[in-house]
Amino acid sequence: MPTLSIGGLARAAKVGIDTIRFYEKNGLIPAPPRRASGYRQYGNEQLRRLTFIRRAKDLGFSLEEIAELLALRAPKGRGVEKVRQVARHKLAVVEQKIAELERMRSALADLVEACSGHGSTDDCPILRSFESEPGELA
């Protein structure tokens with residue numbers, strides 16, 4: 001692959017130019033060499049890392065977690081078992097969030113069902129429930 005400008009890399013990786021600069025500044029991608037003109041020249045490795053970062057972000061990994069995964073990917077990384085541990089932890093966090101969202105959905109469904117949609121807002125069970133602690137009678 002020939003070298004790319006920052007704009008070409010951004011298009012190829014499907015990220016913004018500012019995102020590339022941010023990742024460079026924060027050490028997620030190494031600073032590229034520069035041409036004699038001073039322009040940065042990006043190649044396959046930067047594209048691979050940006051794609052890696054974008055996909056990991058799509059799966060909910062934080063930039064800190066992504067940095068850890070990138071370090072594990074390096075030749076002196078600690079291996080696949082640690083990668084699996086990081087992914088397993090992320091899966092547990094996602095499952096916890098799903099359980100919380102399911103509780104929220106259930107509570108909201110109950111509130112919507114309890115509200116007739118008519119009458120005074122003083123008698124609205126949805127609004128009253130926001131004024132009481134969970135488990136209290138509204």
Side-chain angles (χ1 to χ4, degrees):
M1 172 181 161
T3 61
L4 296 168
S5 66
I6 194 168
L9 179 65
R11 283 187 297 281
K14 299 179 182 129
V15 299
I17 290 171
D18 290 338
T19 299
I20 294 171
R21 289 186 178 127
F22 177 81
Y23 292 161
E24 282 179 13
K25 180 181 172 188
N26 289 284
L28 290 170
I29 61 171
R34 292 185 180 263
R35 297 180 186 142
S37 63
Y39 288 104
R40 294 175 179 103
Q41 52 185 27
Y42 297 92
N44 280 332
E45 181 54 28
Q46 287 90 2
L47 179 57
R48 282 185 51 210
R49 284 178 80 95
L50 282 170
T51 301
F52 181 102
I53 294 166
R54 187 176 46 81
R55 289 287 299 128
K57 281 187 59 138
D58 288 347
L59 291 174
F61 286 92
S62 68
L63 292 182
E64 185 177 303
E65 292 166 330
I66 292 168
E68 181 180 5
L69 290 169
L70 286 167
L72 291 170
R73 189 172 155 238
K76 294 183 181 178
R78 293 189 311 209
V80 176
E81 180 55 32
K82 180 62 179 168
V83 172
R84 186 171 189 248
Q85 288 174 4
V86 171
R88 184 180 285 162
H89 178 310
K90 179 52 72 178
L91 177 59
V93 169
V94 168
E95 288 172 344
Q96 182 179 359
K97 286 180 183 179
I98 289 170
E100 170 107 5
L101 287 170
E102 287 174 345
R103 284 191 297 275
M104 290 168 60
R105 179 180 57 195
S106 177
L108 284 169
D110 290 347
L111 288 171
V112 168
E113 185 65 31
C115 182
S116 68
H118 304 289
S120 167
T121 56
D122 291 337
D123 296 325
C124 176
I126 297 170
L127 296 175
R128 283 197 331 251
S129 74
F130 295 157
E131 296 172 345
S132 62
E133 291 298 320
E136 280 184 20
L137 295 176

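- Side-chain heavy-atom separations under 4.5 angstrom define the hydrophobic clusters, and the remaining members of the one that includes M104 are L101.
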Can I get a per-line list of side-chain donor-acceptor pairs under 3.5 Å for residues 48-57, giving both atom names and the distance, sequence neighbours left out?
{"from": "R48", "atom 1": "NH1", "to": "E45", "atom 2": "OE1", "distance (Å)": "3.4"}
{"from": "R49", "atom 1": "NE", "to": "L28", "atom 2": "O", "distance (Å)": "2.9"}
{"from": "R49", "atom 1": "NH2", "to": "L28", "atom 2": "O", "distance (Å)": "2.9"}
{"from": "T51", "atom 1": "OG1", "to": "L47", "atom 2": "O", "distance (Å)": "2.9"}
{"from": "R54", "atom 1": "NE", "to": "A13", "atom 2": "O", "distance (Å)": "2.8"}

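- The two residues Q46 and P30 make their nearest non-hydrogen contact at NE2-O, 4.2 Å.
- In terms of the salt bridge (Lys or Arg N to Asp or Glu O under 4.0 Å) criterion, R35 has no residue partners (sequence neighbours excluded).
- A salt bridge links E100 with R103: at least one charged nitrogen is closer than 4.0 Å to a carboxylate oxygen.
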Side chains of residues 86-98: which donor-acceptor partners sit under 3.5 Å, not counting sequence neighbours?
{"from": "K90", "atom 1": "NZ", "to": "G60", "atom 2": "O", "distance (Å)": "2.9"}
{"from": "K90", "atom 1": "NZ", "to": "E65", "atom 2": "OE1", "distance (Å)": "3.0"}

What verdict does the side chain to side chain contact (heavy atoms under 4.5 Å, CB included) test give for I6 and R21, after you've listed the backbone C-alpha separation in whole Å, the side-chain angles of each residue and the deciding distance to 0.1 Å?
CA-CA 9 Å; I6 194 168; R21 289 186 178 127; 3.9 Å; yes
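- The heavy-atom pair separating P125 from A114 by the smallest distance is CG-O, 3.3 Å.
- In plain terms, the two heavy atoms of P32 and Y42 that are nearest each other are CG-CE2, 3.4 Å.
- For S120, the side-chain contact (heavy atoms from CB on, under 4.5 Å) partners at least two apart in sequence or on another chain are D122, D123.
- Rounded to the nearest 0.5 Å, atoms CD1 (I126) and OG1 (T121) are 12.0 Å apart.
- Side-chain atoms of Y23 and L63, non-hydrogen and from C-beta on, do get closer than 4.5 Å to each other.
- At a threshold of 4.5 Å between side-chain heavy atoms, the hydrophobic network of Ile, Leu, Val, Met, Phe, Trp and Tyr places L59 and V83 in one connected group.
- Residues I17 and G7 approach most closely at CD1-CA, 4.0 Å, considering heavy atoms.
- Atom CZ of R84 has 12 or fewer heavy atoms from other residues, nucleotides or ligands within 6.0 Å.
- Residues K82 and E68 form a side-chain contact, since some pair of their non-hydrogen atoms from C-beta on lies under 4.5 Å apart.
- Qualifying side-chain contact (heavy atoms from CB on, under 4.5 Å) partners for N26, counting only residues two or more places apart in sequence or in other chains: F22.
- With rounding to the nearest 0.5 angstrom, the CZ atom of R128 is 9.5 Å from the SG atom of C115.
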